[in-house]
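Quick caveat, the model's predicted, so the values are computed rather than measured.
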Amino acid sequence: MQARLLVIKGKNAGAFIEVTPRAAVSIGRGDDSSIPMFDPGLSRRHFAVQADNGGYVIVDAKSTNGTYVNSERISGTIPLHHGDIIAAGSSLFEFRIQDDVNDETTQIFLNSENRQDSTQQKEETSVGLDLDKSTIMALPQSEADMRQAHRALTTLYKVGNVINGEVDLQKVLKSTMDGVMSQVRADRGTLILIDRERGTYEPVVVHTGVDDPLEDPSAEVRPYLSRTILDSVVRNGQSIISNDALGDERFKSGESIIMQHIRSVMCVPLAAKDKILGAIYLDSTGTIDAFQQSDLELVTAIALQAGLAIDRAKLIEDLESLFFESIRTIVAALEAKDKYTCGHSERVTTYAVELARALNWNEKDLTTLNLSALLHDVGKIGIPERVLLKPGKLTAEEFEVMKQHPVIGAEIIKHLKNAASIIGGIRHHHERWDGMGYPDGLAGEQIPAMARVIQMADSYDAMTSHRPYRRGMTHEEVIFEVERCKGSQFDPKMAEIFLSLLKTGRIRPLLMKQPHYMEHFRAEE
């Protein structure tokens, strides 16, 4: 069993050194080394590679700067394995087992002509695929072709069916990478989006090949992504496949390729409407030729669908964000005239969403709650200012007028398209569990769950806010009051969970910074 040391970085990059079981190979910058190399960082005799018990070992020859195998400095003798990366001075070597090499081959460096041929043989060029002419669309010529075509079309159908019917951006991203990783032999895979405002690549879904996708992709993905490859794909809008990245002239000097021991790489752009949105990046750290042309075509086909789905989902997300910001601006304008209630709706929304999360509400219901809570007091626009802005306690007559604001709010909102889901929270957020609330005197489970959550949050903000005629309650006083009103004013189960959130600090009084535009709405004092 013979072996080679391929020089992948340094003055002799691209050359190789044959290693045979008959004699050790020593590397250094002195003539007393069997392979002298001009590298100032090498000692005269730096390290040696020799056969041992049917395998090979590397020996550090007490070098000044040390010998490193896979980024770890060695001491003495350690075994070598196929694919190990050796660092010595400013040179990097890759150790390869060569079972098929003629045993009579001597220890040599490739000459420049042979080195160029070898490099060209290993490289794969960037490709812009025409899927109409790809093997995916070709008529199967054999049973193997039939299986491959069936796999590709099944995958495309499944992934396309999921992402094209989905409007949630995170679900589109996750479904895309789940589909890719289920079909391609990659150790790791990352879906990257371009943040054009910051000019950065943002990893949004990461599969490590070990467990489930990472919850926080940014923590793990940055060390191994090859910026060289990503830049090329994003700049040219063309896919890249390299089945020997360490020996590929385009990438072998890249730090990530070397330090992470990346062997096979495939990277495909995500595009929509002639705009590059990001890329799908896949690699293998232990296998040469991990990816085939058919893999590249399949991932490219998935990326074409995913790019359009991502663009659509981002547009919907941006529109939703704009909608909520518009609602917040309107609500802030309504509240701005009263410095004591300024920011009230934002605070109530924050408390309500936190309580709903503790109740395990799904994301769709949380989004509806968010909107309903923001608008829960919108009906106050119809309350006379003499009542709304009165600094002291309201009279019985004034309170009857104030009690109309949930009804007014519901009437305003019902004219909006698809507003039925949020009206219950607006109309009934002043109902009580014991039926003594308003405007309809609902009791217990008759009160919509959304209204019960908003009522709990609304009451908490009222208790902790200062008013001209009283100070806000302390933390202990709030806990006492919630305990006292549990089962009368408040849903007892929700009150128990709310108390646990108070006691653990997950809910605490918020000091909301007032938006800069609020001064334009505030009445002169």
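- By the side-chain hydrogen bond (donor to acceptor under 3.5 Å, both in side chains) test, Ser63 pairs with His46, Asp60, sequence neighbours left out.
- Proximity of Trp361 to Val453: side-chain heavy atoms (C-beta onward) are separated by under 4.5 Å at one or more points.
- Between the side chain of Ser182 and the backbone N or O of Gly179, at least one donor-acceptor pair lies under 3.5 Å.
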Test Met37 against Arg29 for side chain to side chain contact (heavy atoms under 4.5 Å, CB included), laying out the working first. CA-CA 5 Å; Met37 297 177 62; Arg29 60 181 174 82; over 6 Å; no
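- Judged by distance alone, with hydrogens and angles left aside, the side-chain atoms of Thr64 form no donor-acceptor pair with the main-chain N or O of Ser43 at under 3.5 Å.
- Heavy-atom minimum distance, Ala3 versus Glu18: O-OE1, 3.5 Å.
- To the nearest 0.5 angstrom, Ile454 atom CD1 is 9.5 Å from Leu374 atom CG.
- The shortest distance between side-chain heavy atoms of Ile8 and Ile85 falls below 4.5 Å.
- Here SG of Cys267 is found 12.5 Å from CD of Gln238. Values are rounded to the nearest 0.5 Å.
- Atoms CD and CG, on Glu496 and Leu501 in that order, are 11.5 Å from each other to the nearest 0.5 Å.
- The side-chain contact (heavy atoms from CB on, under 4.5 Å) test with Ile240 is passed by exactly one of Val268, Leu296, Val233: Val233.
- Counting only heavy atoms from C-beta outward, the side chains of Phe95 and Leu5 approach each other to under 4.5 Å.
- At a threshold of 4.5 Å between non-hydrogen side-chain atoms, the residues Ile302 and Gln183 do not count as touching.
- Minimum heavy-atom separation, His82 to Ile97: ND1-N, 3.0 Å.
- Considering Leu308, Ile276, Leu191 in turn, Leu191 is the only one that fulfils the side-chain contact (heavy atoms from CB on, under 4.5 Å) rule with Leu270.
- When all heavy atoms of Ile280 and Ala303 are compared, the pair lying nearest together is CD1-CB, 4.2 Å.
- A donor-acceptor pair under 3.5 Å is formed between the side chain of Ser26 and the backbone N or O of Ser34.
- Counting only distance, with no hydrogens or angles, the side chain of Asp195 and the backbone of Glu202 share no donor-acceptor pair below 3.5 Å.
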Could you give me the CA-CA distance, side-chain angles and deciding distance for Arg328 and Glu325, then say whether side chain to side chain contact (heavy atoms under 4.5 Å, CB included) is met? CA-CA 5 Å; Arg328 286 187 170 92; Glu325 286 305 311; 3.6 Å; yes
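- Residue Asp295 holds its CG atom at 9.0 Å from CG of Leu282, rounded to the nearest 0.5 Å.
- For the pair Pro21 and Gln2, the minimum side-chain heavy-atom distance is below 4.5 Å.
- Within a 6.0 Å sphere centred on CZ of Arg73, heavy atoms belonging to other residues, nucleotides or ligands number more than 12.
- Between Arg357 and Glu354 there is no salt bridge, since no side-chain N of the basic residue sits under 4.0 Å from a carboxylate O of the acidic one.
- To the nearest 0.5 angstrom, Leu173 atom CG is 8.5 Å from Lys314 atom NZ.
- Minimum interatomic distance between Leu42 and Gly28 (heavy atoms only, all atoms of both residues): CD1-C, 4.2 Å.
- Between Val180 and His207 there is no side-chain heavy-atom pair separated by less than 4.5 Å.
- Around atom CG of Asn362, more than 12 heavy atoms belonging to other residues, nucleotides or ligands sit under 6.0 Å away.
- A donor-acceptor contact shorter than 3.5 Å is absent between the side chain of Tyr281 and the backbone of Pro203.
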Apply side chain to side chain contact (heavy atoms under 4.5 Å, CB included) to the pair Ile17 and Val49, showing each step before the final yes or no. CA-CA 11 Å; Ile17 306 163; Val49 175; over 6 Å; no
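- Scored by the ring-ring contact (aromatic ring centres under 6.0 Å, His included) test, Phe498 finds Tyr460 as partners (sequence neighbours excluded).
- Annotation: side chain of Ile194 is in contact with side chain of Tyr201 (closest heavy-atom distance under 4.5 Å).
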Go through Asp311 and Leu315 one step at a time and tell me if the side chain to side chain contact (heavy atoms under 4.5 Å, CB included) criterion holds. CA-CA 6 Å; Asp311 192 51; Leu315 176 61; 6.0 Å; no
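- Between the side chain of Ser372 and the backbone N or O of Leu369 there is no donor-acceptor pair closer than 3.5 Å.
- One distance of note links CG of Asp84 with CD of Glu72; it measures 12.0 Å at 0.5 Å rounding.
- Residues Val25 and Ile27 form a side-chain contact, since some pair of their non-hydrogen atoms from C-beta on lies under 4.5 Å apart.
- Of the possible polar contacts, one joining the Thr349 side chain to the Ser345 backbone as a donor-acceptor pair under 3.5 Å is found.
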